[in-house]
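Below: the structure, in structure tokens.
By convention in this document, chain letters (A, B, ...) are assigned in the order of the sequence lines, proteins followed by strands, and residues within each chain are numbered from 1. Only heavy atoms go into these numbers, but all of them, side chains included; no hydrogens, no water, no symmetry mates.
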Amino acid sequence: MAQSVRVRFAPSPTGYLHVGGARTALFNWLFARQHDGVFILRIEDTDLQRSSEAMVQGILDGMQWLGLEPDEGPFFQSSFLEQHRAAAHRLIEAGKAYYDFTPKRETDDRTVKEKIVERAIAQEQSGKHANPYRDLPVSEALERVASGEPAAIRLKTPVSGVSRFNDEVYGPQEREYSEIEDLVLVRSDGHPLYNLSVVVDDIQMRISHVIRGMDHLTNTHKQVLIYQALGAELPVFAHLPLIFAPGREKLSKRKHGEVVSVTTYRDRGFVADALVNFLALLGWSPGDDQELLSRGLLIEKFSLEQVNKAAAVFNFKESDARDWTDPKALWMNGEYIKSMPLGQLTPMVSEFLKRAGLWRPEYEAEEAPWFAHMVDLLRARYRTLIDFGELGRPYFADDFEYEPAAIKKNLKDDKLKELLPELASRWTSLTEFSHESTEAALRSLAEEAAVKPGLLINAARTALTGQSVGPGMFEIAVTLGKERSVERLKRAIHVM
RNA sequence: GCCGCUAUAGUGUAAGUGGUUAACACGCCGCCCUCUCAAGGCGGAGACUACGGGUUCGAGUCCCGUUAGCGGUACCA
């Protein structure tokens with residue numbers, strides 16, 4: 001019987017979707033789609049105080065935008081608390097777990113890391129299974145619990161031997177049982193802990209493949225122990241390499257800001273497919289040179305065997321406004337903008353024009369063909385959708401700024417003070433305002449004035465758009481139309 | 001501290017079972033396109049495959065060690 005594929009993405013409700021989390025979600029999603037499986041979203045909200053409606057929404061928004069919507073869920077781990085507790089009690093009854101009456105250690109103000117190390121060093125002497133309550137008769141323990149004495153529930157891990165499991169990415173994993181302490185399953189206040197909860201939920205949801213970040217790799221041994229104690233079959237484990245910030249440090253919103261949040265990419269003009277494509281290549285490759293991969297191709301080509309083991313660095317310069325995120329992601333987004341079907345692009349552009357206050361309803365009515373043509377003209381040199389509303393302003397509105405550098409480069413020649421108005425009047429008298437006619441008029445004027453055509457062409461470009469770069473100048477003029485072009489040629493005199 | 005994972009140009013990745021001058025993309029630099037460029041075309045620089053030992057006729061690819069980075073180690077997730 002072929003086992004059906006069921007995978008899950010299980011983020012904490014942090015308020016936003018982290019690019020690392022998005023990559024994990026994506027790999028799960030690709031794997032599910034490829035195997036006609038089920039992709040489940042489960043919010044790990046057992047850290048009760050930190051979770052709220054709003055904290056979950058950011059994650060949902062990010063996933064929806066990326067097109068990674070779950071087939072089942074979102075489920076909330078907190079709603080399964082009773083099942084987690086029940087599982088722990090079953091283990092107590094089976095003698096596989098025990099009540100620990102040791103008073104809870106007081107937390108002090110040192111860092112967590114320091115405390116962990118100190119504790120671990122102390123345990124080095126005593127051994128990890130030296131808990132005095134480990135072998136207390138169950139009946140006695142039950143009596144003490146019944147009398148109201150607080151107790152945590154710990155798993156009895158084997159004293160000697162080796163834990164083994166196979167990871168689809170990292171290969172065979174081994175760990176001495178003596179290295180694994182009797183982990184706490186349920187806190188003395190009755191609250192189930194992470195390791196227990198994930199395992200119980202994954203069993204309950206019949207998860208076939210656990211695909212998650214490799215920060216969970218060593219703890220997987222603990223979870224394997226729980227699966228075994230519960231008598232459940234192990235899922236397939238596949239851990240993914242982490243994604244770092246430049247300098248190989250942890251990529252965090254606190255330290256690195258908005259670049260880590262998926263919705264930032266949506267708001268700053270990314271095409272969802274482009275970000276998906278970029279993310280897919282962080283830690284995975286199809287094995288050949290192809291990098292521009294549609295969703296369909298990703299689903300077809302994805303495989304856990306091709307997942308890389310080394311962490312990937314997400315490369316960006318925090319100071320650079322133009323390269324605010326990984327340059328390759330920006331490049332890839334540009335590739336999507338210039339090659340996607342125009343009919344898909346125009347609605348995206350209109351979204352950003354609305355945001356920039358440049359939208360006119362005519363663009364989706366009688367001027368739709370004009371709008372599509374203009375977008376098509378511009379898209380070759382834009383990298384994000386935001387560019388249409390910012391760099392593209394002169395193409396969609398009459399009030400725009402002249403870039404000082406462009407003025408300096410193209411409008412500083414004194415002769416232009418006469419030539420530009422003259423060009424304006426020649427264009428005015430044109431009966432047909434076409435690429436050919438505008439160009440012929442300009443070139444003959446240049447010849448008469450004994451200046452290079454380039455001087456006039458570049459000057460006209462800056463007069464028409466305020467910029468020094470852009471599409472072919474005659475294309476711009478024709479698309480802008482005779483009236484606006486002439487008007488702008490005249491207006492330019494004021495900034496020269 | 002202990003345990004584990006990883007290690008190919010600045011970054012992302014290639015180089016099935018060891019076999020010519022380590023490949024591709026992004027980025028960077030230059031040239032061309034004489035209508036610009038943040039577009040396009042062409043080219044270039046950039047890696048003694050972390051370091052040190054082996055095994056082998058031959059290793060980025062196998063073995064051992066070292067170092068570094070990261071992860072885990074909690075009544076956090």
[X] near the nucleic acid: base, sugar-phosphate alone, or nothing, with a heavy-atom cut-off under 4.0 Å?
X	value
A/E475	nothing
A/P471	base
A/V117	base
A/G334	nothing
A/H239	nothing

Protein-nucleic acid N or O pairs under 3.5 Å, nucleotides 22-26 of chain B:
| residue | atom | partner | partner atom | Å |
| --- | --- | --- | --- | --- |
| B/A25 | O4' | A/E291 | OE1 | 3.2 |
| B/A25 | O2' | A/E291 | OE1 | 2.5 |
| B/A25 | O2' | A/K328 | NZ | 3.4 |
| B/A25 | N3 | A/K328 | NZ | 2.8 |
| B/C26 | O2' | A/K328 | N | 3.3 |

Original post:
Can a donor-acceptor pair under 3.5 Å be found between the side-chain atoms of A/T218 and the base atoms of B/C3?
Top reply: no
Any N or O donor-acceptor pair linking the side chain of A/R461 to the base of B/C35 at under 3.5 Å? yes
- Query: Going by distance alone, is a donor N or O of one side chain under 3.5 Å from an acceptor N or O of the other, for A/R212 and A/T220?
  - Reply: yes
Going 5' to 3' through nucleotides 5-10 of chain B and flagging B where a protein heavy-atom sits under 4.0 Å of the base, S where only the sugar-phosphate is that close, and - otherwise, we get SSS---
Side chain to side chain contact (heavy atoms under 4.5 Å, CB included) filter on A/P150, not counting sequence neighbours, yields A/S188
Would you please confirm or rule out a distance under 4.0 Å between OP1 or OP2 of [N] and any side-chain N or O of [X]?
X	N	result
A/K115	B/U73	no
A/R381	B/U36	no
A/R119	B/U73	no

Sorted by chain and residue number, the ring pair (Phe, Tyr, Trp, His ring centres under 6.0 Å) partners of A/H89 (sequence neighbours excluded) come out as none
(request) Rounded to whole angstrom, note down the C1' distance from B/G16 over to B/A23. (result) 16 Å
- Message: Distance check, P atoms only: B/C24 and B/A14, in whole angstrom units.
- Response: 15 Å
Taking pairs as Watson-Crick (N1-N3 plus N6-O4 or O6-N4) or G-U wobble (N1-O2 and O6-N3), each distance under 3.5 Å, the stems of three or more consecutive pairs with RNA chain B are B:1-7 with B:67-73, B:10-13 with B:23-26, B:28-32 with B:40-44, B:50-54 with B:62-66
The nucleotide from B/A77, B/G40, B/C3 with an atom nearest the side chain of A/E335 is B/G40
Salt bridge (Lys or Arg N to Asp or Glu O under 4.0 Å) pairs touching residues 213-225 of chain A, sequence neighbours excluded, are none
